[in-house]
Amino acid sequence: MKGMSLIVKSITNVVIGFIFIYGIYIILHGHLTPGGGFAGGVILAGAFILRIIAFGADAKGEDRSSLTASVFESVGGLLFLGVALAGMAITGIFFLNFLPKGVPLALSSAGIIPICNIAIGIKVSAGLFSIFLAIAAVKSGIED
Amino acid sequence: MSFIPWYFALPLLGAFLIPILNKIWKPLVLIFTTAITFALFILSLYGIAVVHEIPMVVYKMGNWPPPLGIVMAFDAMSAFMTLVIAVIAFAANIFSLQYLRTYTGQGKFYTLFMLIIAGMMGLVVTGDLFNMFVFLEIAAIASYALVAFGTEAEELEASFKYMVIGEIGSLTFLLAIALLYAKVSTLNLADVSNVLQTFRYSPIFWTILGMMIFAFSIKAALVPFHSWLPDAHPAAPAPISSLLSGVFIKVLGIYTMARLIFNVFGLSRATDPVFFNLLIGFGLISIVIAGLIALAQRDYKRLLGFSSVSQIGYVLVGFGIGNFEGVTGAIFFILAHALAKGLLFLTSGSVVDATGTRDLNKLAGCGEKMPTTAWSYRIGALSLIGLPPFIGFWAKFYIVKGALKAGLLWIALAAVLLSGLTLAYLLKIESHVFMKKGKNDYKEAPFLMRFSMVFLVILILIAGLGFNYVFDLIIGPAAHALLRGLEYAQLVFASVINF
């Protein structure tokens, strides 16, 4: 696959950064506004998927992206579990919100919840992206 | 009491670390999973020791008190189920170390294997209804992927069928939880149980209970809803068949059903005899119909799959009898069937590994060349039929005793006579595979595969010979925990303050 037309590629190059920033915004404000790790992670995965659709599979090695995606998926899961186990290690209680809560509605508040949102964001974006790559691989395999 | 989260945190840790370890050095994955399943085995033994001292251990997740936060309510029944899961998971893990040498994608296999264990462990220790659904789905979705692990046409078809039927069950459970939440405004099992009593026997009470029993009947593969099991369990790799048939259907179907009926909805034979008679009826239908279909099978693993459907009926009959002996028998049966059917599926793996086929008509002559497999099969089969001194005998003994004590003479008779059906279909494998002489050059299974089969054989013998210790330490307290009925709720709230 060579990807789509020049117009699509140029527009993708412009909007992909905004989509990415928007996804990160949704994740980081998960404890303040609607949204959070899952919704933001889906938007991040959308940015990756848009790039693959516009530029074609060989724009960046598909094998390498699926490998990186699966590693990041594990990292997201481990980070989430790590937060829960850190509560156990520090205070003796699984999933205790052991960090200072801060001022309500400030960006750095609510203790471990932003960290959990980031972990979920990483896991969901990497997971959805690797599902997309797997489906794309099966599809192209059938057509060949 | 901070050991409870480890039941699901350990396998989850394994599931997330394995994809990374798999990229570093592949043998590390094998060592790591074995270490985790062994640690879970030790942990579940520790859990048994703890509930011997304290009847109920409540763990508050994130230190939130019960009706608001999620709690883990760990009593003797949970401890018993974690032990059964851990034993079969350990045996299946050891077996798969060598069985999987011909498969690719071992990293993915062990990730899913760890997820299925995490789901089942979480399901039996949780004290929260929605948490129960989440863990049930973790285990169920991992099992759909594991059934399709061979990725041949047969496996994919079985997995698809299993997934569609299984999700109907899961989503019915979710809908029942939604209805219940709309009515009682809480999801904590103990709190739900308290509020439910205010509208006991109203139409919505029976609607919710009916939907949940429908959902769990699909998960447990009771007869009108069994059609996915004989496809799905044989299609999975043998250690996974062993885990699915040995514990999976009992944790997702039977444990959840028993916990909700006895401890949350608070039904008992004394107050609701019609309902309990219905349970017995469903159980007997399962035993007879699935047993008769099993007689006609020509596929080693498919026959064992139908046998699982049939044997699950006995567990339901035990719960339906509803007195202490009956429930004890049902719980004994969960243990006996897990050990025996886990072992039988491992022998099927050993035979398939050596011969490459599951067709009973082509398998003649395995008995001479594979003595360990053959004798493991025989002992597992004898225990399943219910002959002394194996543990299966005590399971049936208590069911019969309970039936006689409840005045249900014809059920006691049926439970004994239907063992003949079990004997008939298990003899079919014995005669076609192990007794019949044939010319071949089959080799006995490698060491680790034999090790896990012998491990289960020894457990069947130990549990059968020392059944009074097993009864005192594990089975009796578990039966008391279920028959505690509505006192479950008070005990949960009382245990929170203690700790």
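Naming convention: chains lettered A, B, ... in sequence-line order (proteins, then strands); numbering from 1 in each chain.
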Is it true that atom [atom1] of [X] has more than 12 heavy atoms of other residues, nucleotides or ligands lying nearer than 6.0 Å?
X: B:Phe38; atom1: CZ; result: no
X: A:Ile21; atom1: CD1; result: no
X: B:Tyr103; atom1: OH; result: yes
X: A:Phe38; atom1: CZ; result: no
X: A:Phe72; atom1: CZ; result: no

Query raised in the report: How about B:Pro5 and A:Met88: do any of their side-chain heavy atoms sit closer than 4.5 Å?
Result: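 In short, these two side chains touch, coming nearer than 4.5 Å.
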Requested in this report: Would you check if A:Phe94 and B:Asn63 make a side-chain contact, meaning some heavy-atom pair closer than 4.5 Å?
Outcome: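 Result no, sub-4.5 Å side-chain heavy-atom pair not found.
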Query - Audit row: B:Lys60, A:Ile93, side chain to side chain contact (heavy atoms under 4.5 Å, CB included) steps and yes/no - result: CA-CA 8 Å; B:Lys60 293 178 282 184; A:Ile93 295 164; over 6 Å; no
Query raised in the report: What part of A:Leu81 lies closer than 4.5 angstrom to a heavy atom of chain B: side chain, backbone, both or neither?
Result: side chain
**Report entry** Portion of A:Ile112 that has a non-hydrogen atom of chain B nearer than 4.5 angstrom
**Finding:**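 No part of A:Ile112 comes within 4.5 Å of chain B.
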Report task. Against chain A, label B:Trp6 side chain, backbone, both or neither, depending on which of its atoms sit under 4.5 Å from a heavy atom there. Result ->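 Contact with chain A is through the side chain of B:Trp6 alone.
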